[in-house]
Every structure is written in C-alpha cells, then in structure tokens.
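Chain identifiers are assigned alphabetically (A, B, ...) following the order of the sequence lines, protein sequences preceding nucleic acid strands; residue numbering begins at 1 within each chain.
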2 protein chains.
Amino acid sequence: MMVDETLHGLVERRLREVSQRYTSGRKAVVEVLANAGHPLSIEDIGELAPRLPRSSAYRHLVDLQQCGVVRRVAANDDYYRFELAEDITEHHHHLMCTLCGKVIDVTPTPAFERAMANYLDDLSTSNGFASIDHRLDVLGACATCRQRKLAATAGCAG
Amino acid sequence: MMVDETLHGLVERRLREVSQRYTSGRKAVVEVLANAGHPLSIEDIGELAPRLPRSSAYRHLVDLQQCGVVRRVAANDDYYRFELAEDITEHHHHLMCTLCGKVIDVTPTPAFERAMANYLDDLSTSNGFASIDHRLDVLGACATCRQRKLAATAGCAG
DNA sequence: ATTGAACTGAGACTCAGTCTCAATGTAAGA
DNA sequence: TCTTACATTGAGACTGAGTCTCAGTTCAAT
Ligand SMILES: [Mn+2]
Ligand SMILES: [Mn+2]
Ligand SMILES: [Zn+2]
Ligand SMILES: [Zn+2]
C-alpha cells in the first residue's frame, strides 16, 4: 500500500482505453508489484496478496501486460517474474542470483545507457534488424548467498 | 553435418568426465545445434533431426547442459531455445524479433565487451553482488518482418 | 562371454499457465 | 430507480512444454 496516486490514475487510464475497469483485484496486483521494488514470481504475488485467487492473478497479469502496465521477466530459473513496465517505473536492468533465484533491479548511468544503445543500434542495423529495446541481465551470486557460501567453507575448514 | 572434429572430441571428453557416453542421439543434437548457427527451439530440433524421439531430445539437452556443452536461452516468446555453450562457440548476444520469434547471434567488439564487463562489475559490486556472467538481448524487428510490414502498408495505401 | 552401468523409446506424468462457465458487479441510458 | 449490456470474478477443468519411469538395449571393461 501507500503508492503514489498518479500510478493508479495512469493504470486506470490505460485500462479504460481498452474498455476495462481498474478493479480491486487488479489494483492489488499493481500495488504488490509497485511496493516490491523488484520482479515478483506468481508465488511471491500469492504470498503478498493472499486473498487473490491464482487464476485471477494470472488473468490480471495478462490484462495488465496487454495494456502496457506490466512486463514479464525471464529469470535464470524455470519461473517467470513480473514487474511494472519501464515507462511507468524507469528503464533498468537485473542482477540475477544463480543460487537462490533472487532478482535485483539496477539502473545504469545515462552515459552508459546512451553508449550501449548507440552501439546496439549499429550492431542491429548491420544485421538488417530494427532495434526497439534491449535487456541486460547480470548473472552471479547475491550478497546473502555469498555469505552462506563463505560460512559453509569456514565450517568445513574449522 | 560437416563439423570440426575437435568439437566432437571436446563434447566426448566432457561427457566422459561424468561417466557418460557420446552416443549417436547426443551427437545428433550437438551437430544440429552446431550447424544451425543460432539458438533452436525443441520444434526446430525435431525438424532437423526427425529420427530423434522428443523425449530423448529433451533428455540429451538436459545432460548436455549439465556437462556445460549446451545452454538454454530464454527468448521473447513462450519457448526456450538451445545453443552450444559459449566456451565452445564464443561469447555473444542475441537479436530477437518480437514479431516472428527469430533469434540471431551477434558478437560485439572486444572493446565494447570489455567496457561493459567493467561497468557491470562496478554495478554489481555496489549491490553486494558477485558478477559471473551477463546476457544482453536486443528486441526488435528482423529484416524479413520489416519487409512484410512495409509490403502490408503499401498494399493498404495503393 | 559376463556383468554392471549407461542408454533408449514410449508413454505416463507434472504443474505453470490458460480457458470455460456460471455467477456477480457496474456504468450508462431510459 | 430499473434495465441492460458487458466487464469481472472464482472455481476448477484443461493444455502442453518439459520430466520421469520402466522395460529392453547397448556399451565397455574384465
Ligand atoms: Mn539499458
Ligand atoms: Mn557480452
Ligand atoms: Zn542468492
Ligand atoms: Zn521476424
């Protein structure tokens, strides 16, 4: 809860454009995603909005994706994650822990983004490809999992 | 067919390390992936190796992933793709057509890769994250789909 | 040749995600 | 307010990519 009112206004407008309503279930999904600050699995959503049936959650996610409010994120395991679309939050990338599956949002500097976008445009053009967007994920070990690994090693040695 | 003999030697060694054999079914999967030059869906593999049962193809893909010969690629649709691991081919990225699903391999310049890797290391470190690898995908429209779109527009206008 | 372990195809199975349907909510006009 | 057309909902059936089981086969090593 406690989300900037302009978010709900924006989402409502996007839904209205396709003759859909901003109902409490949809609002619950949006709030959960907005408050999490990182992409959520369907499991996460179920825990954060326990009253919301799973079939409804999935349906809302589909509807919200279709009107550009939600984006599906392919992580490094077998489950998709969901987050608010970049034009609602901001363009960003992901750190993905290959050990526990956690996904962290990161925002590179505008300078880096600009350089990369330019480079990718060239790369695309020279392949007859029209670049629209890009995804950049860093794979590795999160702070928590690094701790765990160190502790385990120490335990064995000591 | 017609694949550098060192590839098969390498794969065989990796399998042997975990007491597994480089059988004809596994070889068929490796050759199909090596000759394609871009990530293949299970459907593609089925078409390129029609004698290979689907359950075996999936099993071989799992085995080959476990010994580091194959990598699974999340595209922008609902189906995974499979390709040879980067230490067998080379580190590279993907152009993904959001219209037809095609995935194209691209290799950025070493200079760009170095700059990006450095930057991502910093970004990771400042989030307590240990960077190991990265994925960079460009989303857009492939040459074929661009043609199709232009043709359709012209048709409507004329 | 014997033997143990890896491999195989067929098909049953799992389960994330989708669809159906009957019931309910809701905005807009009479 | 009443009507009405349509969007929404929960429950649960369904789909299908991917996994597992099992009985039979192949391999490599002795
Ligand atoms: Mn970016
Ligand atoms: Mn790279
Ligand atoms: Zn972790
Ligand atoms: Zn295309």
When rounded to whole Å, the CG to C1' distance for the pair B:Leu61 and D:dA17 reads 13 Å
Steps toward salt bridge (Lys or Arg N to Asp or Glu O under 4.0 Å) verdict (B:Arg72, A:Asp78):
CA-CA 11 Å; B:Arg72 194 178 70 168; A:Asp78 294 333; 3.0 Å; yes
Distance check: side-chain N/O of B:Tyr58 vs OP1/OP2 of D:dG18, anything under 4.0 Å?
yes
Give the nucleotide from the list D:dA28, C:dA6, C:dG17 with an atom nearest to the side chain of B:Arg16.
D:dA28
In whole Å, I'd like the distance from the CG atom of A:Asp78 to the P atom of C:dA16.
10 Å
With under 30° as parallel and over 60° as perpendicular, where do the rings of A:Tyr22 and A:His8 fit, or are they tilted in between?
tilted
Could you tell me the separation between the CZ atom of A:Arg54 and the C1' atom of C:dA16, rounded to a whole number of Å?
9 Å
A:Leu64 CG - D:dA7 C1' separation (whole Å)
14 Å
Can you work out whether A:Tyr79 or B:Leu52 has the more 5'-proximal nearest nucleotide on DNA chain C?
B:Leu52
Of all the choices, C:dT20, C:dT18, C:dG25, which nucleotide is nearest to the side chain of A:Arg21 once you look at every atom?
C:dG25
Identify which nucleotide among D:dA28, C:dG17, C:dG9 has an atom closest to any side-chain atom of A:Ile42, counting heavy atoms from C-beta outward.
C:dG17
Indicate whether the side chain of B:His134 and that of B:Glu113 have a donor and an acceptor atom separated by less than 3.5 Å.
yes
Starting at the 5' end of DNA chain C, which residue's closest nucleotide do you reach first, B:Ser55 or B:Ser24?
B:Ser24
Assign A:Thr23 to base, sugar-phosphate, or nothing according to its heavy-atom contacts below 4.0 angstrom with the strands shown.
sugar-phosphate
Tell me whether the side-chain N/O atoms of B:Arg59 come closer than 4.0 Å to OP1 or OP2 in C:dT8.
no
Taking only the side-chain heavy atoms of A:His60 (C-beta and beyond), determine which of D:dT9, C:dA10, D:dA17 contains the nearest atom.
D:dT9
Return the value, rounded to whole Å, for the distance between atom CD of A:Glu43 and atom C1' of C:dC15.
12 Å
Considering all heavy atoms of both residues, which atom of A:Ser124 and which atom of B:Val138 are nearest to each other, and what is their separation?
OG-CG1, 3.5 Å
